[in-house]
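Quick caveat: nothing in here was measured; it's all calculated off a predicted structure.
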Amino acid sequence: MGTLKETYWDPVAGFGVTFRTMFRKVVTEQYPYVKEKTAPRFHGRHQLNRWPDGLEKCVGCELCAWACPADAIYVEGASNTDDERFSPGERYGRVYQINYLRCILCGLCIEACPTRALTMTNEYELADDNRADLIYEKSDLLAPLLPGMEQPPHPMRLGDDEGDYYRGTLSVGRQSAGEGQ
């Protein structure tokens with residue numbers, strides 16, 4: 001038989017946490033229907049960005065794949081032609097995959113990108129019941145076409161403005177949101 005403390009006090013102290021929380025108001029998360037806002041600089045799902053005319057910013061340099069410590073990115077570049085142009089550079093990313101089973105969302109890939117083609121969104125719902133669906137292809141990662149954009153391939157649309165937005169010399173008043181910052 002144990003001591004008086006072990007016999008009587010320890011069980012009461014053990015249930016103390018239960019008794020203290022029994023009468024508190026229950027907090028119910030309404031997660032699927034009400035989502036919490038993430039921090040502005042939260043690193044979520046990746047996105048391949050486009051130029052204002054619809055061409056892809058990715059030039060297939062593969063620096064993001066080299067910078068990835070988890071080896072989660074696969075890029076296969078190809079050359080643009082005058083007839084089929086997907087990006088303003090000589091090359092474009094013909095195959096672009098990110099394996100979210102491996103990705104640790106560290107952001108080193110976006111730091112390595114010289115054209116700011118790859119950014120990270122605030123989207124955090126990356127769970128799935130199928131492993132194959134967690135390997136995002138280029139079509140899954142590309143930013144949607146906005147009004148005024150044309151689906152690639154097409155020639156570069158330099159426009160009548162003073163500068164050339166492909167080389168970053170576009171006047172400040174005509175830049176799209178987020179560019180030139």
Please list all pairs passing the side chain to side chain donor-acceptor pair (under 3.5 Å) test where one or both residues lie in residues 13-24, with sequence neighbours left out.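 Of all non-adjacent pairs touching residues 13-24, none passes side chain to side chain donor-acceptor pair (under 3.5 Å).
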Which pair of non-hydrogen atoms, one from [X] and one from [Y], has the smallest distance, and what is that distance?
X	Y	answer
V75	C64	CG2-SG, 3.8 Å
C103	A72	N-CB, 3.7 Å
H46	C109	NE2-SG, 3.3 Å

Please report the interatomic distance [atom1]([X]) to [atom2]([Y]), rounded to the nearest 0.5 Å.
X	Y	atom1	atom2	answer
L55	R85	CG	CZ	7.5 Å
E29	K35	CD	NZ	14.0 Å
Y74	I135	OH	CD1	12.5 Å
L141	Q97	CG	CD	9.5 Å
Q30	E36	CD	CD	11.0 Å
Q47	L142	CD	CG	8.5 Å

Side chains of K5 and D10: does their closest heavy-atom pair fall under 4.5 Å?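 Yes, at least one pair of side-chain atoms sits under 4.5 Å.
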Contact check, side chains of D53 and H154, non-hydrogen atoms, under 4.5 Å: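 D53 reaches H154 side chain to side chain.
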What pairs of residues pass the salt bridge (charged side-chain N to carboxylate O under 4.0 Å, His left out) test when at least one of them lies in residues 95-106, not counting sequence neighbours?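 As it turns out, the salt bridge (charged side-chain N to carboxylate O under 4.0 Å, His left out) pairs with a partner in residues 95-106, which skip direct neighbours, are D71-R102.
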Where at least one partner belongs to residues 136-151, residue pairs that pass salt bridge (charged side-chain N to carboxylate O under 4.0 Å, His left out), sequence neighbours excluded: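 As it turns out, the salt bridge (charged side-chain N to carboxylate O under 4.0 Å, His left out) pairs with a partner in residues 136-151, which skip direct neighbours, are E56-K138, E150-R157.
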Are there more than 12 heavy atoms of other residues, nucleotides or ligands under 6.0 Å from atom CG of N130?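 Yes.
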Heavy-atom count check: over 12 atoms from other residues, nucleotides or ligands less than 6.0 Å from E125 CD?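 Enclosed.
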Which residues share a salt bridge (charged side-chain N to carboxylate O under 4.0 Å, His left out) with D128, sequence neighbours left out: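 Once residues adjacent in sequence are excluded, D128 has no partner under the salt bridge (charged side-chain N to carboxylate O under 4.0 Å, His left out) criterion.
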Under the salt bridge (charged side-chain N to carboxylate O under 4.0 Å, His left out) rule, collect the residues that match up with E111, sequence neighbours excluded.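 Counting only residues at least two positions away or on another chain, E111 forms no salt bridge (charged side-chain N to carboxylate O under 4.0 Å, His left out).
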Kindly say whether [Y] contributes a backbone atom to a donor-acceptor pair with the side chain of [X] at under 3.5 angstrom?
X	Y	value
R50	A143	yes
N80	P88	no
S87	V59	no

What residues form a side chain to side chain contact (heavy atoms under 4.5 Å, CB included) with [X], not counting sequence neighbours?
X	value
P69	I104, C106, L108
C58	L48, Y96, A117
P114	C61, L63
K37	none

What class does the angle between the rings of Y136 and Y100 fall in, given that below 30° is parallel, 30 to 60° is tilted and above 60° is perpendicular?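 Judged by the thresholds at 30° and 60°, the geometry between Y136 and Y100 is perpendicular.
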For T119, which residues count as a side-chain hydrogen bond (donor to acceptor under 3.5 Å, both in side chains) partner, sequence neighbours excluded?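 So T119 forms a side-chain hydrogen bond (donor to acceptor under 3.5 Å, both in side chains) with N49.
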Could you state whether L126 and M120 fall into the same hydrophobic cluster, counting links through intermediate Ile, Leu, Val, Met, Phe, Trp or Tyr residues with side-chain heavy atoms under 4.5 angstrom apart?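 Same cluster.
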Of all residues at least two apart in sequence or in a different chain, which pass the ring pair (Phe, Tyr, Trp, His ring centres under 6.0 Å) check with Y92?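 Testing Y92 for ring pair (Phe, Tyr, Trp, His ring centres under 6.0 Å), a comparison that skips the adjacent residues, returns F86.
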ring-ring contact (aromatic ring centres under 6.0 Å, His included): which pairs involve residues 11-43, sequence neighbours left out?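 Residue pairs passing ring-ring contact (aromatic ring centres under 6.0 Å, His included), neighbours aside: none found.
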